[in-house]
Amino acid sequence: MATSPDLDVTFAGEDLVLRLAALAYLARFSAVSRIHTKSDLRLYFYWCTDHQLTPLAAARTEVERYMRWMQETRRFKPATVARRLAVVAGFYRTCVIDGVLDRSPAEYVRRPRVSNESPTLGLSHLQFEALLCAARDSDNPPDFALVAMLGLLGLRISEACRCDISDLGEEHGHRVLHTVGKGSKIALVPLPPAVGRAIDRAVDDRVRGPFLLNLRGRRMDRHLRHPPAAAPVAGIGGAVAETAPAYAAPHLRHDYARRWRRSA
């Protein structure tokens, strides 16, 4: 039986118990989260291999050494170190739950402090307005819909790209959009008239399929499928890429949250 690529645990080596433990841990996550968790766990396993350690025999001091390696050698940001340590701690916690280990070596490891203040830079009001104007003038109508959905609805890029025409609906006389967020949470998002018009323009006369199509006529996704000039805005090309700063696409949601807080 074929194994899903994100459940491939060959990075755990030939130790069958370790591979099963890694598989049991990764299976607790949904698709996208599992991919990122696997990447963080793989880094820890590779570090153990480089230092001639067996993950299931590691002590607290080894996990501490791994943290210092990330901080001092790789110079990861505190948030990255904390996230990757959380994955290691979660792996060992699952091993304890499943009876593979008696106790977790990561239980008392002190993680770096992470500020509650977000370091993310959003767009200024004028930059966002310029981005909307450039997207409106794009040769690819879904570009405008994508910018509107990210900046005016606060959707994640993956949520926006998953939306289909069938997800449009009406509740109490208002147009709404059914979205599936992180953790498979379903939300009903009211559509402001401006966003509704952008979506209608992107859909045109189609009756099924995704809202957002790339220049090849395929569904947009969160990964780059266009020339490097389009990279700043994750699939939006032309004038939009020239107008938007390099941090535009990932941070439009952050910008939406900031505007919402200010208006409140």
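Index from 1, following the sequence. Here the structure is a predicted model, which means the values were calculated and not measured.
The distance from atom CZ of Arg42 to atom OG1 of Thr37, rounded to the nearest 0.5 Å, is 11.5 Å. One distance of note links CZ of Phe91 with CG of Leu56; it measures 5.0 Å at 0.5 Å rounding.
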- [ ] Go through Thr179 and Cys163 one step at a time and tell me if the side-chain contact (heavy atoms from CB on, under 4.5 Å) criterion holds.
- [x] CA-CA 7 Å; Thr179 65; Cys163 287; 4.1 Å; yes
**Request:** Would you please test Leu155 and Leu177 for side-chain contact (heavy atoms from CB on, under 4.5 Å) and show each step?
**Result:** CA-CA 11 Å; Leu155 298 182; Leu177 176 65; 4.2 Å; yes
When you look at Val109 and Glu62, which way does the side-chain contact (heavy atoms from CB on, under 4.5 Å) test go after all the steps?
CA-CA 10 Å; Val109 173; Glu62 271 77 44; over 6 Å; no
Run the numbers on Leu43 and Phe11 for side-chain contact (heavy atoms from CB on, under 4.5 Å), then give the verdict. CA-CA 9 Å; Leu43 179 69; Phe11 62 87; over 6 Å; no
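Side chains of Met220 and Asp143 form a contact here, defined as non-hydrogen atoms less than 4.5 Å apart. Contact of the Leu132 side chain with the Phe144 side chain is registered, since non-hydrogen atoms from C-beta on lie closer than 4.5 Å. Between Leu153 and Pro192 the shortest side-chain heavy-atom distance falls below 4.5 Å. You'll find the side chain of Val9 stays beyond 4.5 Å of the side chain of Leu18, heavy atoms only. Inter-residue side-chain proximity for Val87 and Ser39 is flagged as unmet; no heavy-atom pair is nearer than 4.5 Å.
The main-chain N or O of Arg216 is found under 3.5 Å from a side-chain atom of Asn214 such that the two form a donor-acceptor pair.
In Asp50, the CG atom is crowded: over 12 heavy atoms of neighbouring residues, nucleotides or ligands sit closer than 6.0 Å. Glu170 CD: more than 12 foreign heavy atoms inside a 6.0 Å radius.
Taking His51 as the reference, Trp47 meet the ring-ring contact (aromatic ring centres under 6.0 Å, His included) condition, with sequence neighbours excluded. Residues forming a ring-ring contact (aromatic ring centres under 6.0 Å, His included) with Phe29 (at least two apart in sequence, or on another chain): Tyr25.
In the hydrophobic clustering of this structure, Val88 does not group with Leu20; members are Ile, Leu, Val, Met, Phe, Trp, Tyr whose side-chain heavy atoms approach within less than 4.5 Å, directly or through other members. Placement of Leu168 and Val176 in two distinct hydrophobic clusters is found when ILVMFWY residues are connected by side-chain heavy-atom separations under 4.5 Å, directly or transitively. Cluster membership for Leu188 and Val195, using ILVMFWY side-chain heavy atoms within less than 4.5 angstrom, is not shared. Note: the hydrophobic cluster containing Leu146 also contains Ile165 (ILVMFWY, side chain heavy atoms under 4.5 Å, direct or indirect links). Hydrophobic clustering, with ILVMFWY side chains joined whenever heavy atoms are under 4.5 angstrom apart, groups Val100 together with Leu23.
For the pair Arg19 and Gly13, the tightest heavy-atom approach, listed with the atom from each and the gap, is CD-O, 2.9 Å. Between Leu213 and Gly217 the shortest heavy-atom distance is CD2-O, 3.8 Å. Contact record, Pro142 with Ala202: CA-CB, 3.8 Å, taken as the closest heavy-atom pair. Annotation for Ala160 and Leu150: closest pair CB-CD2, 4.3 Å, computed over non-hydrogen atoms. The two residues Cys95 and Ala21 have their closest heavy-atom pair at SG-CB, 3.9 Å. Between Asp167 and Arg162, the shortest heavy-atom contact is OD2-O, 4.1 Å.
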Listed pairs under 3.5 Å, donor-acceptor, residues 63-82 side chains, sequence neighbours left out:
{"residue": "Glu64", "atom": "OE2", "partner": "Arg60", "partner atom": "NH1", "Å": "3.3"}
{"residue": "Arg68", "atom": "NH1", "partner": "Gln71", "partner atom": "OE1", "Å": "2.7"}

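Residue pairs meeting the side-chain hydrogen bond (donor to acceptor under 3.5 Å, both in side chains) criterion with at least one partner in residues 187-211, sequence neighbours excluded, are Arg175-Asp200. Legend: ring pair (Phe, Tyr, Trp, His ring centres under 6.0 Å) pairs involving residues 166-198, not counting sequence neighbours: none detected. For residues 84-99, the side-chain hydrogen bond (donor to acceptor under 3.5 Å, both in side chains) pairs, not counting sequence neighbours, are Arg28-Thr94, Asp40-Arg84, Tyr44-Tyr92.
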